[in-house]
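What follows is a set of notes on a single structure, which appears directly below.
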Amino acid sequence: MVLGNLTPAATQHDRPAFDVFQGFALCAVLSSLETTGALDVLVRDGGWDGLAADGEEPLAAELLRYLTERGMVCHRDGRYELTPLAEAVRADIGYLVWLCGGYGVPLRSIGEFLTGALSYGGDIGRDGRGVAVGSALVGARDLVPPARELLDGVGIDHVVDLGCGNARFLLSVCRAADAGGLGLDVNADACAEARREIDAAGAGDRIAVRCADAGALDGIPELARTDLVIAFFLLHEILADGRPALVGYLRNLAGRLPDGAHLLVAEVSPDPARPAGGHLFNPEFTLVHAMMRQRLMDESGWRETFADGGFELVRAVHPRMPGSLLMLARKGA
Ligand SMILES: C[S@@+](CC[C@H](N)C(=O)[O-])C[C@H]1O[C@@H](n2cnc3c(N)ncnc32)[C@H](O)[C@@H]1O
């Protein structure tokens with residue numbers, strides 16, 4: 001394993017279970033330290049003196065010892081700092097937050113889902129906040145720059161983001177285009193994050209958040225004056241009900257939008273070999289979605305589905321996010 005090869009404590013060994021063991025623990029620890037802001041504090045203060053709750057000082061010391069042993073921090077001039085390895089891991093921390101923070105709990109029960117002892121969604125579900133925050137961290141680095149390029153030259157007055165998560169991308173598009181917007185998410189925790197982000201940006205007067213099912217287009221009258229719909233990692237949720245359901249949804253959406261409106265979609269291809277780099281991420285991404293009874297489609301599948309649904313695929317690019325597809329479609333004539 002790459003991590004096992006990089007950490008200073010690693011030795012060549014013939015017990016690969018411990019690579020998995022270490023990866024699990026580091027994924028859980030780093031993802032939690034990121035989302036609580038503890039990593040930011042560590043970088044800023046060189047320690048957690050002001051952060052640890054009363055009585056938790058021994059835990060702070062133990063965490064720093066653990067992170068040192070696993071090559072994530074080093075102690076220099078009286079301060080703890082991230083090692084180059086930790087900086088490299090942190091650059092992709094969104095993937096860890098998405099996996100561990102968003103899907104860590106249900107993944108631990110995947111055997112019970114298999115045997116029917118428990119059901120996904122009924123007994124155990126994902127953590128909406130972890131999914132929203134992790135997705136936004138992934139997107140900021142790996143999706144936003146190519147998405148902004150794709151939107152270059154597209155006239156935007158009003159944006160609807162279906163499955164907006166914490167709405168950071170919606171905010172950045174609205175800001176760049178000086179446009180108004182609506183973010184829709186079915187998960188109450190994601191909506192709370194989105195409202196917090198929008199208020200913090202002082203954009204509450206032009207961007208609204210609605211906690212609702214994006215499947216119910218009747219509930220979005222704003223579509224009639226919307227020139228850009230964003231659907232990042234949302235349409236495969238509709239595809240879970242079958243391709244005809246997705247085609248029907250797209251037809252319904254196209255029928256409600258003004259002529260010339262655009263649809264910007266991000267998805268992940270199920271094929272680990274295409275686009276390049278997919279093997280880093282696709283097997284886990286595809287498995288997590290299979291756990292939720294969702295399946296993924298490759299680029300040619302999307303092209304055909306858009307066409308059947310009343311949209312023409314204008315451009316598709318493969319962003320830095322391993323295996324991902326970013327597609328700009330336009331309402332067909
Ligand atoms: C993977 S996250 C992506 C979040 C955001 N679009 C981004 O790229 O950062 C998918 C989001 O879609 C939301 N979602 C899933 N099904 C939905 C539905 N039927 N209606 C509205 N939101 C939905 C989830 O709650 C989640 O926040």
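This structure is a prediction, so every number in the text was calculated from the model and none was measured.
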Parallel, tilted or perpendicular: ring planes of F232 versus F169, cut at 30 and 60 degrees: parallel

So which atom in [X] and which in [Y] form the shortest heavy-atom distance, rounded to 0.1 Å?
X	Y	result
P319	S324	CD-OG, 3.2 Å
L171	A201	CD2-CB, 3.8 Å
C174	G180	SG-O, 3.7 Å
T305	L246	CG2-CD2, 3.8 Å
L82	V73	CD2-CG1, 4.0 Å
A214	L184	CA-CD2, 3.6 Å

[X] side, atom [atom1]; [Y] side, atom [atom2] - distance, nearest 0.5 Å:
X	Y	atom1	atom2	result
Y80	L64	OH	CG	5.0 Å
I110	Y103	CD1	OH	12.0 Å
D92	L137	CG	CG	10.5 Å
I93	R141	CD1	CZ	11.5 Å
L96	C27	CG	SG	4.5 Å
F113	M291	CZ	CE	6.0 Å

For E267 and H236: C-alpha separation, side-chain torsions, deciding distance, then whether side-chain hydrogen bond (donor to acceptor under 3.5 Å, both in side chains) applies. CA-CA 8 Å; E267 286 291 334; H236 58 249; 2.7 Å; yes

I'd like to know whether [atom1] of [X] has more than 12 heavy-atom contacts from other residues, nucleotides or ligands below 6.0 angstrom.
X	atom1	answer
D49	CG	no
Y66	OH	yes
R315	CZ	no
R293	CZ	no

Taking NZ, NE, NH1 and NH2 as the nitrogens, is one of them in [X] or [Y] under 4.0 Å from a carboxylate oxygen of the other?
X	Y	result
R90	E87	no
R210	E222	yes
R243	D308	yes
R129	D189	no

Would you confirm whether [X], through its side chain, and [Y], through its main-chain N or O, come within 3.5 Å as a donor-acceptor pair?
X	Y	value
K331	G310	no
W48	V41	no
H158	I156	no
R206	A179	yes
E57	G55	yes
D123	S119	yes

With heavy-atom distances below 4.5 Å as the criterion, would you say the side chains of [X] and [Y] are in contact?
X	Y	value
L151	V173	yes
L67	L33	yes
V265	L234	no
F285	W98	yes
I230	V160	no
S109	Y120	no
L239	R295	yes
M321	F281	yes

Would a single hydrophobic cluster contain both [Y] and [X], if residues Ile, Leu, Val, Met, Phe, Trp and Tyr are joined by side-chain heavy-atom contacts under 4.5 Å?
X	Y	answer
V97	F24	no
L63	F21	no
L296	V247	no
V268	M292	yes
V186	L162	no

List the steps, then state whether side chain to side chain contact (heavy atoms under 4.5 Å, CB included) holds for V229 with L223. CA-CA 8 Å; V229 173; L223 287 170; 4.0 Å; yes

Are M297 and S269 close enough, and set up right, to give a side chain to side chain contact (heavy atoms under 4.5 Å, CB included), and what steps lead you there? CA-CA 6 Å; M297 256 189 323; S269 163; over 6 Å; no

Start with the C-alpha distance between I124 and V105, add both sets of side-chain angles, then the distance that settles side chain to side chain contact (heavy atoms under 4.5 Å, CB included), and finish with yes or no. CA-CA 8 Å; I124 300 174; V105 169; 3.8 Å; yes

side-chain contact (heavy atoms from CB on, under 4.5 Å) partner of E197, chosen from N166, V209, L170, I207: N166

Go through Y249 and D241 one step at a time and tell me if the side chain to side chain contact (heavy atoms under 4.5 Å, CB included) criterion holds. CA-CA 11 Å; Y249 180 78; D241 292 331; over 6 Å; no

Would you say E299 and H318 are linked by a side-chain donor-acceptor pair, where the criterion is simply a distance under 3.5 Å? yes

